[in-house]
Amino acid sequence: MRHHWFARFVLLGVGIAALASAQTFPLQLRISENNQFAIVTNQAPLEFAASVGQSATVQGTATYTGSGKVTVTQAPQVFGSTEFTATINAKLPLTLSPGDSFSFVITYTPTSTATTSAIFTLPFTETVPGVGNQPPTTTANAIDFTLLGSAAAFVVSYIKDGNAIQVVNGGSIIFDPQPVNTTLVLTVDIANNGSAAGAVNSITVTGKAFQIVGRPVLPTTIPGGQQLPIGIEYMPTAVGSDTGQLQITFGDGTSLTAILQGSATSPSLVYTLVANGTTTAVTPPGPIKLPDTNVGSTSSVVVRVQNTGNGSATIGTISVAGTAFQASAEPLLPKTLNTNDSFTFTLTFAPTQPGLQTGQLLVGSDLFNLSGNGLGSELQFSYVSGGSTLTIGTNGVTAVVFSPVQVTTTASIPFTVKNTGTLPAVVSNIAIQGTNSPYSISGGPVLPKTLAPGASFSFTVNFAPTTVGLANETLLINTTSIPLSGSGTAPPALPAYTISGPSGNVAPQSQPTITLTLASAYPVALNGILTLTTTGTLGTDPAVQFSTGGRTVAFTIPAGSTVANFAEQGNQVLLQTGTVASTITLTPSFTTAVGDVSLTPTNPVTLQFTVPSQAPVLIAASVTSSSSNSIELSFTGYSTSRTLTSLELQFTAAAGFTLGTSQLTVDISDASAAWFGSATSQGFGGQFSVSVPFTFAGTTPTGVALLQTIASVSATVSNASGSSNAVTTPLQ
């Protein structure tokens, strides 16, 4: 085998070295191999590489570069290893003029992998004409090379059971028997035991059960003393023998071909069911059907597993999926079954609900479908939402869920009860668990209700939220609890409303009428509170209140109505305005009668009017005590400004008498300030009572008392706003 790239590298290298001596040696030397050449110096080393028994050949060309004549009279000689030979491609003797050339051939044919060497020599003489009268000069010289040879030697072997087995051309690589659909990889080593690098150009594997693992990038070079490992994988797909071929092509054109041989084994598991003395064969995936069984009871079969194939089988697992099925009495696992070996285990069906039950049995890699019928009744619950039927307990459905419903409206969902069992079922109770619940049922059957297998009935679940937010409840069917879930959204806005009553300034101590009316009817009953507040600088008059007592009055507005009913007494309520100057404001609030959902606007409409500051008002005058010449007068009234300045009295003489003084003004400002500034007065608002004692002096007829001369007295009181009305009280 020739390692061309390595040889070219050496030739090019010596060509560069030749430049230094080209001026003194008269021949230019060129070495070529496979259309590649290099200029070399005389006495340069030439390296050869070939496989044992193969040849590496180079051709040399010598061109005369001098000015005389070169004469070659003898063939080249090789001293040293006989694995080198040389010939000249010209008829001797040979004469070269300047620019003439001749060629020679050096051949290396190794007989072993050892490194060898030799000396190539080709004598010649050069005659150069003399200069001037000088005679010609003749010089003996020679073309000399040091020849170095090395050989590559490939040995192919494969590793099996820890041993390296050599593969000869035409030999075999034998794989141990392998179970079907499993893999076995043998390592093949391509070793270069020679002294020279060698190339591997290609590696091919044929045969459908064989393939290369870890294929190298080709072509590749293997240095002497090193190896290239590859893997060959064998994966049989069916019981029987498999053959293939490995072919390795080397860089020198030689190749090695080996036969690949393998065989497959396979166990064959046979399954038999034993029940009540009867055996039944079954193959994956079955199904394996167990006897019909009452809910709460069990039935079972014995499963026998036997290996009837030509290879062993190992059962690593026996598992059951499905809550109604279980396996017992299994062997200790993993369990290896050689040919004709067997074992048994028990498969049990224990239904927890009526109807078809399914599951799976896994024995090793064999999967069986399991089925059995549970005997009993079973109620299934479903409802319709958004056009789809949702079944409780399936696909994540756990409750009856209503879409959000506006407070004051009602949503309804059809609900169905079905007996999916195998025996009749009795429904004796359908109810909403909570009290005062926003949920209700309608259209239900007469209870108790018997449902045959497959039969069903329906009713309606209603949701009428009374509050905003989540509302959860429970629907009971027999003893089964089914969650109900919904949420109320804000009710419709309250219509506009009007509070009718006084406006502007109103008289103190009056009782105006108040009414409240909606602009349009509301769909549900409303509750409300009408609240009275006063503002001013003179304090609060406790007399300002509703006729029902207090400063708040409750009202209701029936569903579909517009008029408020106050305290269940009618559509009107009276208001006492009191005796203190202030501003009175009436503010309503609204809630739904059920659920107390607030409907009060953010800025509610109010009714506002004013009791103004004005001149005081006298209500009555009376005599509280008297004697023959004295009297105590008492006057009652009110002042909305809670101030009084003076009391004016006008006495009227009795018939037949005259009075020396008939008018009198009394300053009562200090007494007024003391009264209205007292804590006691706060409970009386602007009301006051003035008592004034009088003692009379004068001359009267015999037998006539002084008091008998006065018929009556009239009085007025004043404050900054003016004088009051006059009141008169008789004194006789």
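What you see is a predicted model, and the numbers here were worked out from it, not measured in a lab.
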Relative to each other, are the rings of F349 and F325 parallel, tilted or perpendicular (30° and 60° limits)?
parallel
Counting only N and O atoms by type, is there a donor-acceptor contact under 3.5 Å from the side chain of N307 to the main-chain atoms of G309?
yes
Checking the side chain of N310 only, and the main-chain atoms of S266 only, is there a donor and an acceptor separated by less than 3.5 Å?
yes
I would like to know whether L347 and L370 meet side chain to side chain contact (heavy atoms under 4.5 Å, CB included); could you show each step before the answer?
CA-CA 10 Å; L347 183 63; L370 305 177; 3.7 Å; yes
Between Q357 and Q353, is there a donor-acceptor pair closer than 3.5 Å when you use the side chain of the first and the backbone of the second?
yes
With a 6.0 Å cut-off on ring centres, are F250 and F154 close enough?
yes
Looking only at side-chain N and O atoms, does T109 offer a donor or acceptor that is under 3.5 Å from a partner on S55?
yes
Side chains of Q326 and V320, heavy atoms from C-beta outward: is any pair under 4.5 Å?
no
Would a 4.5 Å heavy-atom cut-off, applied to side chains only, mark P216 and L228 as touching?
yes
Look only at the side chain of K160 and the backbone of I174, and say whether a donor-acceptor pair between them is shorter than 3.5 Å.
yes
State whether the side chain of N395 and the backbone N or O of V397 hold a donor-acceptor pair below 3.5 Å, judged by distance alone.
no
Which atoms form the tightest heavy-atom contact between V180 and A264, and what is the distance?
CG2-CB, 4.0 Å
Check: V363 and I315 side chains under 4.5 Å, non-hydrogen atoms
yes
Any salt bridge between D242 and K208, counting N to O under 4.0 Å?
no
Would you say the side-chain atoms of R215 pair up with the backbone N or O of I203, donor to acceptor, closer than 3.5 Å?
yes
Test side-chain hydrogen bond (donor to acceptor under 3.5 Å, both in side chains) on S150 and T115 and set out the steps.
CA-CA 5 Å; S150 59; T115 300; 5.6 Å; no
Relative to each other, are the rings of F25 and F124 parallel, tilted or perpendicular (30° and 60° limits)?
perpendicular
Over 60° means perpendicular and under 30° means parallel, so tell me whether F210 and F175 are parallel, tilted or perpendicular.
tilted
Backbone N or O of S263 within a donor-acceptor pair of the Y234 side chain at under 3.5 Å?
yes
Would you compute the distance between atom CD1 of I165 and atom CD1 of I173 and round it to the nearest 0.5 angstrom?
9.5 Å
Can T293 and S299 be said to form a side-chain hydrogen bond (donor to acceptor under 3.5 Å, both in side chains), step by step?
CA-CA 7 Å; T293 305; S299 62; 2.8 Å; yes
What pair of heavy atoms forms the shortest contact from A151 to V52, and how long is it?
CB-CG2, 4.0 Å
Just how far is it from atom CD of Q178 to atom CG of N181, taken to the nearest 0.5 Å?
10.5 Å
Which is it for T272 and T344 under the side chain to side chain contact (heavy atoms under 4.5 Å, CB included) test, yes or no, and what are the steps along the way?
CA-CA 9 Å; T272 305; T344 61; over 6 Å; no
Please answer whether the main-chain N or O of S255 pairs with a side-chain N or O of Q247 as donor and acceptor at a distance below 3.5 Å.
no
Step by step, work out the side chain to side chain contact (heavy atoms under 4.5 Å, CB included) result for D366 and L361.
CA-CA 8 Å; D366 289 335; L361 167 65; over 6 Å; no
Going through the distances and angles, do T139 and T125 end up as a side chain to side chain contact (heavy atoms under 4.5 Å, CB included)?
CA-CA 5 Å; T139 304; T125 58; over 6 Å; no
Do T121 and P76 have side chains that approach each other closer than 4.5 Å (heavy atoms only, starting at C-beta)?
no
From CA spacing to verdict: side-chain hydrogen bond (donor to acceptor under 3.5 Å, both in side chains), E83, T111:
CA-CA 7 Å; E83 295 176 345; T111 58; 2.6 Å; yes
Any N369 side-chain heavy atom under 4.5 Å of Q360 side chain
yes
Say whether Q306 and R304, considering side chains only, have a donor N or O and an acceptor N or O under 3.5 Å apart.
yes
Given 3.5 Å as the limit, does a donor-acceptor pair link the side chain of N42 with the main chain of D144, or not?
yes
Expected output: side-chain T65 to main-chain P26 donor-acceptor under 3.5 Å:
yes
Run the numbers on K335 and T314 for side-chain hydrogen bond (donor to acceptor under 3.5 Å, both in side chains), then give the verdict.
CA-CA 5 Å; K335 175 70 173 177; T314 299; over 6 Å; no
Is the distance between the ring centroids of F48 and F84 less than 6.0 Å?
yes
